[in-house]
Amino acid sequence: MSNVPEKPSIEGLESRWRERWAADGTYRFDRTKTRDEIYSIDTPPPTVSGKLHIGHCCSFTHTDLVARFWRMRGKEVFYPMGWDDNGLNTERRVQLMLGIACDPSLPYDPDFEPPAKPPDRPIHVSRPNFVEQCARITEQLEEAYFDLWSTLGLSVDWTQSYTTIGEHARRTSQVGFLRLHEQSHVYRTESPTLWDVDMRTAVAQAELADREIPGTYHKLRFYRADGPSAGEPLIIETTRPELLAACVALVAHPDDARYQPLFGSYAVTPLFNARVPIVAHELADPEKGSGIAMICTFGDTTDVTWWRELSLPVRAIVEKDGRLSLEPPSGLDDAGRAAYEQISGLTVKQAQKRVVELLTESGHIDGEPRSITHPVKFWENGSRPLEIVPNRQWFIRYPPKDVLLARGNELRWWPDFMRVRYENWVNGLIGDWNITRQRFFGVPFPVWYPIDDDGNLVHDQPILARVEQLPVDPSSDVPDGYDADQRDKPCGFAGDPDVMDTWATSSLTPLIAGHWVDDDDLLRRVFPMDLRPQAHEIIRTWLFSTVVRSHFEFDALPFANAAISGFVFDPERKKLSKSQGNSPDDPNAVMTEYGSDAVRYWAAGGRPGMDVAFDRNQLKVGRRLAIKLLNASKFVLSFGEPPVTAAPTQALDLAVLEQLVAVVDEATAAFESYDYTKAIERTESFFWSFCDDYVELVKSRAYAGDESALATLRATLSVLLRLFAPFLPFVTEEVWSWWQNGSIHRASWPARSELPTESTDGAVFDIAGSVLAEIRKAKTAAKKSLRADV
RNA sequence: GGGCGAUUAGCUCAGUUGGCUAGAGCACCUGCAUGACGCGCAGGGGGUCGGGGGUUCGAAUCCCUCAUCGCCCACCA
């Protein structure tokens, strides 16, 4: 056995085999195959805004296990990789890393270089400079990501890669937008918009997170305005007194007897002296505060509902920078306007303090303020509460809820209970999908607006790009029928200044990877995809939005199966740190220490939907399994090749094969229902009893050249290597190369038919095993060497 | 507030439709140079299956209830 090394080792297998697989195109997708011969995967494009942690390795391994199984099972696997590098998260990352901020009013500086260390105060740069830096940083990160995935052994076809900011994705995204526009599924309107005042952009419902923060209840004295009871006080409890100037009404529950007589009458706000109606609405909670609330434009999403359903006026005071507007709102008298001057231009926080002072001075606060903690809406990655600001935005109109729920039912979920997350989300949807972001590193809307003779934008007559022009950037490209010098001039045009929400592009990943816009032949071979693997926290965003887009474009699901992975926790049951540097869970360090196969072994222990503990123990076990596989294989192969006519005939040999066939059946069935964990458990447990019992029992026969034993050892090894191949691609490939031609990862998945099917009793092996155990027990008890004769 | 999931040995987890004395690996203890592996091999101790009820000849498994942890969703007055 000249191919078998003297002292086999798992060190260095990763770099050797990843290069070999790349050179041989082992995982290259063969597009001559037809749809039914193909297994296609809508791989999650990881966000390129930081560092991949061990949790990413875990979930991406899960997908790779499935990909490798189906490839060996005879399917041609379409396994692309994308990088999600557009959008707010990348911008935030680049701002922090380089200490720069985008100011679109600045001119491009071709010589700009970011400082080596980020300065305390951000340097303002032009939009092209900013986008350039985003592109530079994401390229670096993508290179590191590619390297990590290759070391981890993902069997991705790297020729099928895309980035969500790349030309192809921009084009797909813009074509998708135009298609929605054609079918009237998208519209643009001015409406109250959830707004992050730090990032200065709109945020969608799907990106919200509630956080508990401290707040203070203040009891404000309003006064009845008319009738015989004019001047009587009305106590309103609020946590946002700074919005008092934006108050447009008071509201109580229609059944609340305390306030029923007041409905239809008016009240006057303290300090600002605005006359506001007292109205009734079911959403008012008689239990909260004094049972009557002030409606402001806009303090929260309930205010928006009240404002819309009760047809109230807008009296907005919070600006997009989180400060109160310089101009007072409508409806105030002279004294009110004077009071407003005290708070105009202040931040929301400063304004709150000042308003409370003014109210206290004028005796409009009742009792002591009361501290509470309450949930407040944030952008999920933001640091200040969201405000609600009126703004013009593009919206995608959602299909009816029952249609969306039916799609959720049609989809096969692994595990099934994850469907509930989808249903919860659909049932809680409010309004449509705001896809507009006031940002820079994103896909622009392929839209311009005419400017009339007076220099006003004509919003309701947008000029849409032609499909052939795409991708376009309306801030530099010129619409048909105009000249470049007409930009932003009367009788000219203006580009839509905004970019699309990152999910507006990510919702098209099956179409980006499948080349919907430029390769219909490929699309028909891979779409709808077989599998969408993803994390559960983005069911409401990525999964849901992909279903919506596919529903509109194809009236079909975008994928047949959704495999949902869990979180990875550290041993203290906390979420893993994403911190930089040498964190103990840095994936490269972990792979160097234990080997990639060991990392994959650990990952394989996490069933779909289950949270996984980061556990060095399992890494150690996986590492030892890989080493054991090398040594056991070396031993089996050391007996030399049996003659071609050799066949298993002895009862023990047939029994072990009988058990092996059962393992093959179980592992196959497990994989088909995405339970790779069960597949490796069965395989591993058989492997150890094969080593400890079977190999020991046949040693003497094998040394004597018994053909039945030799044939059985080799047949079993071949099957075991292939059962392990999806999990331990490096070590199995190494062993395979010692005695077989071609890659094990293109070999066929083991089947019952390749092993002897003579009916035997598998129990023979068990009985022999227990006899062996008794003998060993006696030897151990006698403190004798196991070699001692019985 | 509504929902989903988890709770089995010190740790990480199996346990199929209820059925032999509840399993594995790690850790721990003891032993063994054995024609591949000492990163090995053999043996051993260790659990009232989160608590409490119930159904049943029989419950880790089915029902009710409570508790703890995690997550998802929810209209912030």
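Residue numbers start from 1 in every chain, and the chains themselves are labelled A, B, ... in the order their sequence lines are given, proteins ahead of strands.
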*asked:* Assuming nearest nucleotide by heavy-atom distance, tell me which of Glu11(A) and Ala206(A) is located more 5' along RNA chain B.
replied: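 That would be Glu11(A).
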
*Toward the 5' end of RNA chain B, which comes first, Val621(A) or Leu194(A), by nearest nucleotide?*
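Its nucleotide being nearer the 5' end, the pick is Val621(A).
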
[N] versus [M] - spacing of their [atom1] atoms, nearest Å:
{"N": "rG70(B)", "M": "rC63(B)", "atom1": "C1'", "value": "25 Å"}
{"N": "rG44(B)", "M": "rC26(B)", "atom1": "P", "value": "15 Å"}
{"N": "rG50(B)", "M": "rU7(B)", "atom1": "P", "value": "8 Å"}
{"N": "rC57(B)", "M": "rG1(B)", "atom1": "P", "value": "41 Å"}
{"N": "rA36(B)", "M": "rG25(B)", "atom1": "C1'", "value": "22 Å"}

_Looking only at the aromatic ring of each residue, does the gap between the centers of Phe614(A) and Trp602(A) stay below 6.0 angstrom?_
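Judged by ring-centre distance (under 6.0 Å), Trp602(A) and Phe614(A) do meet the cut-off.
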
*When the ring planes of Tyr398(A) and Trp433(A) are compared, do they come out parallel, tilted or perpendicular, using 30° and 60° as the limits?*
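Parallel.
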
Rounded off to whole Å, could you give me the [atom1]-to-[atom2] distance for the [X] and [N] pair?
{"X": "Leu283(A)", "N": "rC76(B)", "atom1": "CG", "atom2": "P", "value": "10 Å"}
{"X": "Asn631(A)", "N": "rG35(B)", "atom1": "CG", "atom2": "C1'", "value": "15 Å"}
{"X": "Asp706(A)", "N": "rG35(B)", "atom1": "CG", "atom2": "P", "value": "20 Å"}

*For the pair Lys219(A) and Glu237(A), find out whether any cationic side-chain nitrogen is under 4.0 Å from an anionic carboxylate oxygen.*
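Salt bridge flag = no for Glu237(A) with Lys219(A).
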
*asked:* Check this for me, if you would: do Glu380(A) and Arg211(A) make a salt bridge, where the nitrogen-to-carboxylate-oxygen distance has to be below 4.0 angstrom?
replied: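 Between Arg211(A) and Glu380(A) there is no salt bridge, as every charged N stays at least 4.0 Å from the carboxylate O atoms.
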
*Lys628(A) near the nucleic acid: base, sugar-phosphate alone, or nothing, with a heavy-atom cut-off under 4.0 Å?*
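The residue Lys628(A) makes base contact.
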
*Aromatic ring of Phe417(A) stacked on base six-ring of rG5(B), 5.5 Å, 30°*: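 Given the distance and angle limits, no, they do not stack.
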
